[in-house]
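Step one of this worksheet: look at the structure below.
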Amino acid sequence: FAAFRLICDQLGRMGYFWTYDHVNAADYGVPQTRRRLILRASRGLLPWLPEPVPWVGWYAAIEDLLPTLPESKLAPWQLARLPGDIRPPVLFDGDNSNSFTFSAADSPVFTMRGGRGSKHRAMLGARFVSMTPRALARFQSFPDSYILPERRTLAAKIIGNAVPRLLMQRIAEQMMEVAA
């Protein structure tokens with residue numbers, strides 16, 4: 001918090017108008033409910049944040065990838081903990097803590113973590129699949145042209161730490177529109 005305060009103070013001393021907001025990436029077309037602190041600064045007019053757009057579901061973001069996703073299996077203890085009323089397709093994060101976080105197909109995914117402790121899977125009927133780095137990158141709105149490292153753990157770390165591209169694009173476009 002002290003470092004953030006120093007940055008804001010320095011922006012003010014340099015003649016910038018600044019503000020910060022906590023935003024939900026899903027409000028800007030990203031198929032993920034990721035919250036980020038966004039600091040905006042300008043020497044001229046400081047525009048409002050762009051208007052929110054309808055949320056995009058995780059299924060629509062990766063629908064074309066589903067046939068290529070690798071098969072996965074759940075451990076017996078994981079199967080036993082699945083709710084009886086679950087309706088596929090559903091995406092879930094089942095780490096080693098005996099719990100799951102679920103997202104329905106028409107909902108954005110929860111905040112994707114890139115660490116080793118998380119295991120992102122989808123249940124598509126009776127079929128379970130694992131999310132590949134490319135699928136995870138889509139949840140962060142990375143373009144398919146973005147070249148990910150071959151090491152899965154490194155790719156997941158990069159994806160998990162990224163600010164969603166589409167979120168920043170919408171904010172930057174709004175700021176450039178006011179500056180023009």
Side-chain angles (χ1 to χ4, degrees), residues 20-38 49-144 146 148-171:
Y20 64 91
D21 299 279
H22 286 93
V23 299
N24 185 338
D27 289 336
Y28 298 93
V30 178
Q32 182 180 175
T33 55
R34 177 122 192 186
R35 295 194 56 80
R36 289 290 197 182
L37 182 140
I38 303 295
L49 287 171
E51 288 296 318
V53 299
W55 284 11
V56 176
W58 69 265
Y59 190 90
I62 64 165
E63 187 171 11
D64 62 315
L65 297 178
L66 293 175
T68 68
L69 296 178
E71 296 289 327
S72 182
K73 292 184 179 180
L74 296 183
W77 69 265
Q78 291 173 314
L79 285 170
R81 286 184 173 84
L82 287 176
D85 61 348
I86 195 167
R87 290 194 196 110
V90 65
L91 184 80
F92 61 96
D93 176 20
D95 60 17
N96 294 327
S97 69
N98 298 335
S99 64
F100 295 106
T101 306
F102 295 93
S103 291
D106 60 349
S107 299
V109 300
F110 35 83
T111 297
M112 301 300 287
R113 298 173 294 154
R116 291 180 180 223
S118 58
K119 183 72 170 176
H120 312 294
R121 296 184 181 125
M123 185 167 104
L124 312 169
R127 182 176 172 232
F128 288 91
V129 294
S130 291
M131 295 295 109
T132 61
R134 179 58 53 205
L136 296 175
R138 292 243 188 118
F139 297 149
Q140 281 279 60
S141 68
F142 278 54
D144 285 344
Y146 187 87
L148 294 165
E150 289 186 31
R151 281 190 22 230
R152 183 181 176 99
T153 54
L154 179 58
K157 187 173 188 176
I158 290 168
I159 294 162
N161 289 332
V163 174
R165 178 200 60 85
L166 194 52
L167 165 65
M168 291 314 303
Q169 177 183 331
R170 296 233 163 110
I171 292 172

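Predicted model only: the values in this text are computed from it and were never measured.
Going from atom CZ of R34 over to atom CZ of F139 covers 13.0 Å, rounded to the nearest 0.5 Å. Atom NZ of K73 is separated from atom CZ of F128 by 12.0 Å, given to the nearest 0.5 angstrom. Atoms CG and CD1, on L91 and I62 in that order, are 6.5 Å from each other to the nearest 0.5 Å. Once rounded to the nearest 0.5 Å, the distance linking CD1 of I159 with CE of M131 reads 12.5 Å. Atom OG of S130 is separated from atom CZ of R152 by 6.5 Å, given to the nearest 0.5 angstrom. Atom CG of L69 and atom CG of L124 lie 7.5 Å apart (nearest 0.5 Å).
Taking the six-membered ring for Trp and thresholds of 30 and 60 degrees, F102 and F92 have ring planes inclined between 30 and 60 degrees apart.
Paired with Q169 under the rule side chain to side chain contact (heavy atoms under 4.5 Å, CB included), one option of L167, L166, I171 passes, and it is L166.
Pairing each heavy atom of P50 with each of R170, the nearest pair is CG-O, 3.4 Å. The shortest heavy-atom contact between G29 and V56 is O-CG2, 3.7 Å. Here the closest non-hydrogen pair linking A155 and P149 is CB-O, 3.7 Å. Among all heavy-atom pairs drawn from N161 and R36, the shortest one is O-NH2, 3.3 Å.
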Tell me, with the steps shown, if S72 and R121 meet side-chain hydrogen bond (donor to acceptor under 3.5 Å, both in side chains).
CA-CA 8 Å; S72 182; R121 296 184 181 125; 2.8 Å; yes
Run the side chain to side chain contact (heavy atoms under 4.5 Å, CB included) test on L82 and L74 for me, step by step, so that the C-alpha distance in whole Å, both residues' side-chain angles and the decisive distance to 0.1 Å come before the verdict.
CA-CA 10 Å; L82 287 176; L74 296 183; 3.8 Å; yes
Using the rule given for salt bridge (Lys or Arg N to Asp or Glu O under 4.0 Å), can you reason through R138 versus D64, listing the C-alpha separation, both sets of side-chain angles and the distance that settles it, and then say yes or no?
CA-CA 11 Å; R138 292 243 188 118; D64 62 315; 2.7 Å; yes
Show the numbers, then the answer: is there a side-chain hydrogen bond (donor to acceptor under 3.5 Å, both in side chains) between D106 and W55?
CA-CA 9 Å; D106 60 349; W55 284 11; over 6 Å; no
Take V163 and Q140 through the side chain to side chain contact (heavy atoms under 4.5 Å, CB included) test and state the conclusion after the steps.
CA-CA 7 Å; V163 174; Q140 281 279 60; over 6 Å; no
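Surrounding CD of E150 are at most 12 heavy atoms belonging to other residues, nucleotides or ligands under 6.0 Å away.
Using a 4.5 Å heavy-atom threshold, the side chains of Y59 and V109 count as separate. Taking 4.5 Å as the limit, every side-chain heavy atom of V53 sits out of range of all side-chain heavy atoms of D27. Proximity of L136 to H120: side-chain heavy atoms (C-beta onward) are separated by under 4.5 Å at one or more points. Side-chain atoms of S103 and V90, non-hydrogen and from C-beta on, never get closer than 4.5 Å to each other. Between T132 and P70, some side-chain heavy-atom pair lies under the 4.5 Å cut-off.
Checking side-chain atoms of D21 against main-chain N and O of V23 turns up no donor-acceptor pair under 3.5 Å. For W58 (side chain) and A104 (main-chain N/O), a donor-acceptor pair under 3.5 Å exists by modelled atom type. Checked by atom type and distance alone, the side chain of R165 pairs as donor or acceptor with a backbone atom of S141 at under 3.5 Å. In this structure, the side chain of Q32 does not engage the main chain of P108 through any donor-acceptor pair within 3.5 Å.
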